[in-house]
Structures are given as C-alpha cells and as structure tokens.
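Step one of this worksheet: look at the structure below.
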Amino acid sequence: MQLDQINPYVSKVMPSAMRKFDHDISADKKIIKLTLGEPNFNVPEHIKQAAIEAINHNESHYPYYWGYQPLREAASNYYQEKFGYDYPAEQILVTVGATEAVASTIKALFKPGDAVIIPTPAYPLYNALTTLNELHTILVDTSDDGFVLTPEKVQQAVSAHPDWDVKGLILTDPNNPTGIAYTEDQLKALVPVLKEQGIWVISDEIYGELTYGQKHYTISKWLPDQTIIVNGLSKSHAMTGYRLGLVFGPAGFMDEIAKVHQYTVTAAASIVQYAAIEALTNGQDDSKPMLQAYQKRRDFVAKEMAEAGCDVVHPGGAFYVFAKIPTALHMNSWDFVNTLAKDYHIGLMPGDPFGDNHYVRISYAASDEALSAAMKAVKQLVVDHSTPTAE
C-alpha cells in the first residue's frame, strides 16, 4: 500500500502549524510563551473536589451518550441566566471539548460539496474540518470592516460562487484571534441574509463569558431555527484539560449531531461530567476574577504593542491582542515570531495560520511578569530591526 492511496482530503490538511510552532520553541528553556489559548488560572477548588468525589464514589461507568441528565439541565439553566439561551436539556449535547462539538456539528449538517463561509481571521480548526468533510470553504476577509462580518460580505460570498450550495457560516463570537465581540446590532444585521439564503450558523461562543464592558449576545436569539451554538468550560472555568464541550440547537437536528458524536467518541468522560455539573451549578461567578485580571492585562498589552508601533485591534472579548507588524520591520508574521523566539526568547503566535500574515496574536492569559517581559522584548525587536525611513 502507498501513502497516496489514503483519503486525499486527509492529505490536504496539514498538522496544526500553531501547535508545531509552540512545540518547537518549547525546547528553549528560557522561552516565555504567549502562544496558546491556555488560561494561567487553575480550575476552581470546588470543581476539583467534585471530580475527586466522583472518583471516590466510583462514578466510572459509561454515561448516556447525550451526557448526564443533571448536567444538561444545569447547562440549560446556567446559559439561560448568562446569555438568554432558550434550550431545554433535551436540546443540549455534552461533547469532548468544543473541538469535538464543532467537528460533530459540521459532519451532521453538511454533505460533501456544500460550501461554508468562514470569516477571517479565524481559528484554523474550522478550515481543517471543512476540508476533511469534503466541503468548499469560502474565506471572507473582514479586515476592512473592523474585523466584523457584514451582511454585504455574506451576500458577496454567495453571489461570487453561483455554482456552490452555500449552506453554512462559522461565526466565532468573541473572536479568536482578534478578540472582536459582536454587538447586538451587528448580529441582528446578519439575520435577514442568512434567512434568505437558508444558511446554518455554527456559533462558537466558547469565549462568551470573557467580554469587557459589553454584554455577550447570541445570534440564536434571532435565528433559532438555523443556529447551532457551541460552548464549553475551557475558557470560562479554566478547564482546558477536562475537555468538556456543549452543543445547543433545534430539536431533531440535535438528534443527528448526537449520532455523529456517539459513533465518534461514545460519550464525554464520566468524571469530567460530574465536575461540570458542579461548575454549572455553583460556579456562576468563577470567571469574574479571571475576567478582571484579563481586562487589566488586555489594557497593558494593547498599550505596549501600540507604543511599539503596532496597529492593535481593540479586543472586546476573549484573551488575545491581534497586532499588526510595523511596516518598518519588513517582516511577515513568521519572520517576526521566529526572530522574537530565537533572539529574545519570547513566543507569540503568527497571524498566518489565522489568515493574515501581517499580524501576530498575543495571548494575555499569562502572568503579569511574563507579559511585561514579552512587551519589553517586542519593543526591543522593533528598535533593533526597523529600517530607517528615507528622507
């Protein structure tokens, strides 16, 4: 057998450039990494104790593939209070992280040959999953609209591909990597064209609890019959390693997503589900101290990057600053992050995997000391490598 005989759509997808870069620079013992979206907070103590108690009570058997009923009921109540989600437990699926939630949803909703719109910059997972599922991907550059998808851009994407059946849109709100959080008016503006075109929205709201000075809205409020919400506890409760995701959507369609989930992973881990019940029952305020720290760090990083000569996208949510590399450096994003890592021992994420090679992403889910050292190094790199402007 030859390697070129395997599924060609798998061959088209490269391993994550982000993960590889993070792994490669980790060999440097001096490196300070602001690369991955990893909260530097620990899981709240009461959630850890719930997991320990589940282990001690031998809660180690196969869960129902949809997820434990008390967890789904807790999720229904929690997100109704937080964001106004209108989903009973029977329309909520528990998954192995938000990544599996997105993967199972894409597999269930779309058939090979369908087209899906992805506004860029975007988390690279989405493009990889559409490729693996033999879908056409329409990448829509939002940089000239303040990194916000507009109804005009949706209509243009559909009109530019008359031979494709445009069936989906993957919307990340707040966005990774830009931190842009959509306003109520911006989301409502998208609804008419999405209804007219019959486009499903996969709304990735994993950063929904991390917004600064503005409320998080969900497009499902105005488009409930065409929206699948993906959420989870990785960012809000610092539970990245627990791998607990949630899917919310219309009855009937959720049954189909649950089938894909069942035959892919069987179920989310039992112990993790008990921890999640505790998080959603008694952890309504767990994200507040994290949010306060993140806002302070956001303001610091945005200010420092601006002082370094970078155009900064002002983040309304998540924990990233997306900054444009000064033109005087004559560097693309890979040049910048490789130089910064090699010569200054600081790790940032290149913008290229997200779809814009002129930017870098800084995760400020890190200590104040790490952020201070990183900003000092960035400023020094700019000084050391800028080309003087000819007079």
Side-chain angles (χ1 to χ4, degrees), residues 36-48 50 71-87 92-95 97-99 101-102 123 171-184 186-187 201-221 227-248 272-273 275-299 301 314-321 363-366:
L36 301 182
E38 177 71 54
N40 71 314
F41 294 95
N42 292 321
V43 175
E45 195 64 30
H46 69 104
I47 299 173
K48 292 192 286 186
L71 173 52
R72 295 160 68 205
E73 290 173 353
S76 177
N77 294 330
Y78 182 93
Y79 289 101
Q80 170 67 37
E81 293 177 8
K82 286 278 183 178
F83 307 133
Y85 289 7
D86 188 18
Y87 299 95
I92 301 172
L93 174 68
V94 181
T95 62
T99 295
V102 175
Y123 189 49
L171 189 68
T172 317
D173 180 24
N175 182 268
N176 174 14
T178 65
I180 290 295
Y182 281 71
T183 66
E184 183 177 22
Q186 287 167 342
L187 290 174
V201 179
I202 300 175
S203 184
D204 186 343
E205 302 180 22
I206 194 69
Y207 295 99
E209 288 199 47
L210 304 179
T211 58
Y212 311 104
Q214 67 181 88
K215 182 180 176 181
H216 172 69
Y217 296 93
T218 174
I219 197 170
S220 67
K221 179 179 179 181
T227 301
I228 302 293
I229 300 174
V230 170
N231 213 316
L233 302 180
S234 291
K235 315 301 181 181
S236 59
H237 292 75
M239 294 170 65
T240 52
Y242 283 56
R243 311 310 304 135
L244 195 289
L246 298 160
V247 186
F248 307 75
V272 169
Q273 292 197 47
I277 292 171
E278 174 64 22
L280 295 174
T281 303
N282 298 311
Q284 292 90 343
D285 295 330
D286 284 351
S287 65
K288 287 184 177 180
M290 303 182 205
L291 185 62
Q292 291 174 355
Y294 290 148
Q295 184 162 358
K296 177 184 174 184
R297 296 169 188 176
R298 175 202 66 166
D299 294 343
V301 172
H314 187 69
F319 41 59
Y320 308 109
V321 165
S363 171
Y364 51 85

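None of the values given here were measured: they were computed from a predicted structure. Index from 1, following the sequence.
- For the residue pair Thr178/Asn175, the side-chain donor-acceptor check at 3.5 Å is satisfied.
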Return all side-chain donor-acceptor pairs below 3.5 angstrom for residues 288-296, not counting sequence neighbours, or 'none' if the list is empty.
residue: Lys288; atom: NZ; partner: Asp285; partner atom: OD1; Å: 3.3

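- For Arg243, the side-chain contact (heavy atoms from CB on, under 4.5 Å) test picks out Val96, Thr99, Ser234, with sequence neighbours left out.
- Note that CG of Leu246 is 10.5 Å distant from CZ of Arg72, once rounded to the nearest 0.5 Å.
- For the side-chain contact (heavy atoms from CB on, under 4.5 Å) test, residues two or more places apart in sequence or in another chain that qualify with Asn282 are His46, Glu278.
- Legend: residues meeting salt bridge (Lys or Arg N to Asp or Glu O under 4.0 Å) with Glu81, ordered by chain and number and at least two apart, are absent.
- The aromatic rings of Tyr85 and Phe83 sit tilted relative to each other, their planes meeting at an angle between 30° and 60°.
- Residues Glu205 and Thr218 bring a donor and an acceptor atom of their side chains to less than 3.5 Å of each other.
- The closest side-chain heavy-atom distance from Ile206 to Val230 is not below 4.5 Å.
- Asn40 pairs by the side-chain hydrogen bond (donor to acceptor under 3.5 Å, both in side chains) definition with Arg297, not counting sequence neighbours.
- In this view, Lys215 satisfies the salt bridge (Lys or Arg N to Asp or Glu O under 4.0 Å) rule with no residue, not counting sequence neighbours.
- For Asp204, the side-chain hydrogen bond (donor to acceptor under 3.5 Å, both in side chains) criterion is met by Tyr126, not counting sequence neighbours.
- Tyr212 meets the side-chain hydrogen bond (donor to acceptor under 3.5 Å, both in side chains) test with Tyr364; sequence neighbours excluded.
- Taking the side-chain contact (heavy atoms from CB on, under 4.5 Å) definition, one finds that Ser236 meets it with Glu209, Leu233, sequence neighbours left out.
- Remark: aromatic rings of Tyr217 and Tyr182 are distant, center separation not under 6.0 Å.
- Under the side-chain hydrogen bond (donor to acceptor under 3.5 Å, both in side chains) criterion, Lys221 pairs with no residue at all, not counting sequence neighbours.
- Rounding to the nearest 0.5 Å gives a distance of 9.5 Å between CD1 of Ile92 and OH of Tyr87.
- When all heavy atoms of Ala238 and Val43 are compared, the closest pair comes out as O-CG2, 3.4 Å.
- For Val272, the side-chain contact (heavy atoms from CB on, under 4.5 Å) test picks out Tyr242, Leu244, Ala269, with sequence neighbours left out.
- Applying the ring-ring contact (aromatic ring centres under 6.0 Å, His included) rule to Tyr207 yields the partners Phe319, Tyr320; only residues at least two apart in sequence or on another chain are considered.
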